[in-house]
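Every value quoted in this text rests on a predicted model; they were computed, and no experiment measured them. Order of the sequence lines sets the chain letters (A, B, ...), proteins ahead of strands, with each chain counted from 1.
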Protein chains: 2
Amino acid sequence: MNSPAPLSKTRMNAAERRQLVLAAASKAFARGGYYGTTTDAVAREAGVSQPYVVRMFGSKAELFREVFARAVERVMTEFEPVLAKISADPENEELWGEMGAAYTQLLLDDRDLLLVMMHGFAAGSTPEIGAQARTWMTRIYTEIRDRSGATPDQVRTFIAGGMLLNTLVAMEAPQHAANDADLAELASCAFGDGLDAAAGEAVDATG
Amino acid sequence: MNSPAPLSKTRMNAAERRQLVLAAASKAFARGGYYGTTTDAVAREAGVSQPYVVRMFGSKAELFREVFARAVERVMTEFEPVLAKISADPENEELWGEMGAAYTQLLLDDRDLLLVMMHGFAAGSTPEIGAQARTWMTRIYTEIRDRSGATPDQVRTFIAGGMLLNTLVAMEAPQHAANDADLAELASCAFGDGLDAAAGEAVDATG
DNA sequence: ACGATAAGTAATCAAGTGATAACCTGTCAA
DNA sequence: TTGACAGGTTATCACTTGATTACTTATCGT
């Protein structure tokens, strides 16, 4: 299937290589989701052989689980300081904007994380993934709720906004905003400022 | 691959059969998304042979496009009367609740529609699907905005709520709410009333 | 009756896919 | 030096999957 010429003869220790493969898998799964991504694509992205990827994680499903978990954990970590602020000053509605900004920033920083997260949720009807997806969604919800002391509806609204952002990124709305004023309006409304930075280079109208 | 014994010798005309296959495809794609669903699964669901499905629509991608389009169109149709009301009485904030209720009702009525829609959006990075996904998202946005006369942010908030509902349904949150009080709280907050009806039979904790 | 056309199916394929087994080769302790 | 283990790869498999081709058989106008 795939057998990249080893770029260098020097070897990595397993832990290092593992991180590298996880990063590659994150990128690959972000694009295609669970079913739409082959282990070979991950391997190529990582610059290793396909059997190595499979053996390293046992199975494709196991690999996805790990990538999924890392993504959610990273998101939660990024929320942490803002949640601390909200916890200290619960009345300050403005801090929710800061939460949104944190999410948007993460998106600009590493969109793959959020896309992986979304694909995990979307593949929730697949039993192997679904249970984990529910667990993570619950964790996200309770963490935000408990740390912020917000009402369920406040938390719901925030998470909902995140889901829309994920969706817009998944359909590459920012890249195509230049060709569609209405889509641009929705995107800029959802992303707030900093969208322009996110857009990167636009894509021609045929895309 | 699949060759179901013809249940009856009587034939349908193509148009009828087409609708039947589209309904089956809707169900199948709702579960697995684009990549996670085989044409054979669609065929089995429809009770026809796999080659027939492919030939009838030209390709799997074409079939999905049609299913996707029907789903979005159906959703828009369902919004129509409520949008008319909002248009006539723009100040009445309560009508947005009615929009949400319309969406929830559609969800209870035929969750497949919304799941297909979501999977279409989620698969947006696949070029064949992405362009259509963006077109539809734009259509939904402009339609709601123009017919209601609402601000972009009002519309954004509404669509965001829809995306969360889709996600929760995709991960089968209602069915598992009984086993997880926090997930149940989020779900009941997102769905509003009528969730209990949606839950149907719960599923044991291993699911 | 009959033949043309539409509504299907059976058989088959080439490509792709996750996984396994067997093998190679740096690296490092003794 | 050497030998053993960790870090990889090559080769290969069984199975799936979308698609194509060729065939069968209802149905209906004449």
Side-chain angles (χ1 to χ4, degrees), chain A residues 1-25 28-29 31-67 123 126-129, chain B residues 1-25 28-29 31-68 119 123 126-129:
Chain A
M1 273 177 164
N2 180 42
S3 43
L7 298 156
S8 108
K9 304 270 179 165
T10 66
R11 291 184 172 181
M12 280 179 170
N13 60 36
E16 240 179 309
R17 184 69 79 187
R18 190 186 183 83
Q19 295 308 312
L20 201 152
V21 171
L22 279 169
F29 281 129
R31 277 196 295 265
Y34 178 67
Y35 290 109
T37 303
T38 68
T39 55
D40 187 54
V42 173
R44 225 174 1 242
E45 185 76 44
V48 299
S49 67
Q50 177 265 339
Y52 191 37
V53 170
V54 171
R55 214 189 35 184
M56 184 175 255
F57 293 92
S59 71
K60 179 184 173 181
E62 202 58 49
L63 169 58
F64 183 82
R65 267 208 284 273
E66 196 145 335
V67 169
T126 300
E128 277 175 311
I129 300 176
Chain B
M1 275 176 161
N2 181 41
S3 42
L7 298 155
S8 109
K9 305 270 181 166
T10 66
R11 289 185 175 183
M12 280 180 170
N13 59 36
E16 239 178 310
R17 183 68 78 186
R18 189 185 184 82
Q19 296 308 313
L20 200 151
V21 171
L22 279 170
F29 281 129
R31 277 197 294 264
Y34 178 67
Y35 290 110
T37 304
T38 68
T39 56
D40 187 55
V42 173
R44 225 174 3 241
E45 184 77 44
V48 299
S49 67
Q50 178 265 340
Y52 191 37
V53 169
V54 171
R55 215 189 34 186
M56 185 177 253
F57 294 91
S59 70
K60 179 185 173 180
E62 201 60 49
L63 169 58
F64 183 82
R65 268 207 283 277
E66 197 144 337
V67 170
F68 185 29
H119 280 126
T126 300
E128 279 175 310
I129 300 175

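- Mapping T37(B) and A14(A) onto DNA chain D by nearest heavy atom places A14(A) closer to the 5' end of the strand.
- Atoms CZ (R55(A)) and P (dA22(C)) sit 13 Å apart, rounded to a whole Å.
- Closest to the P51(A) side chain, of the nucleotides dA21(C), dA19(D), dT9(C), is dA21(C).
- Between F29(A) and Y34(A), the ring-plane angle classifies as parallel under the 30° and 60° cut-offs.
- Checking dT20(D), dG8(C), dA21(C) against every side-chain atom of M12(B), the shortest atom distance belongs to dG8(C).
- Taking atom CZ of R11(B) as the reference point, atom P of dG8(C) lies 6 Å away to the nearest angstrom.
- Residues F64(A) and E128(A) fail the side-chain proximity criterion, which asks for heavy atoms closer than 4.5 Å.
- Among the protein residues, R17(B) comes within range of the sugar-phosphate backbone only, with heavy atoms under 4.0 Å from sugar or phosphate atoms but none that close to a base.
- Y52(B) has its OH atom 23 Å from the P atom of dT12(C), to the nearest Å.
- Taking atom CZ of residue R44(B) and atom C1' of nucleotide dT16(D), one finds them 12 Å apart after rounding to whole Å.
- Distance, M56(B) CE to dT20(D) P: 16 Å, rounded to whole Å.
- Side-chain atoms of T39(A) do not come within 3.5 Å of backbone N or O of K60(A) as any donor-acceptor pair.
- Contact of the V42(B) side chain with the V48(B) side chain is not registered, since no non-hydrogen atoms from C-beta on lie closer than 4.5 Å.
- At least one side-chain nitrogen or oxygen of T39(A) sits closer than 4.0 Å to the OP1 or OP2 atom of dG18(C).
- If you take CG of N13(B) and C1' of dA26(D), they are 13 Å apart, rounded to a whole angstrom.
- Rounded to whole Å, the distance from CZ on F64(B) to P on dG18(D) is 13 Å.
- When rounded to the nearest whole Å, the span between CZ of F57(A) and P of dG8(D) equals 13 Å.
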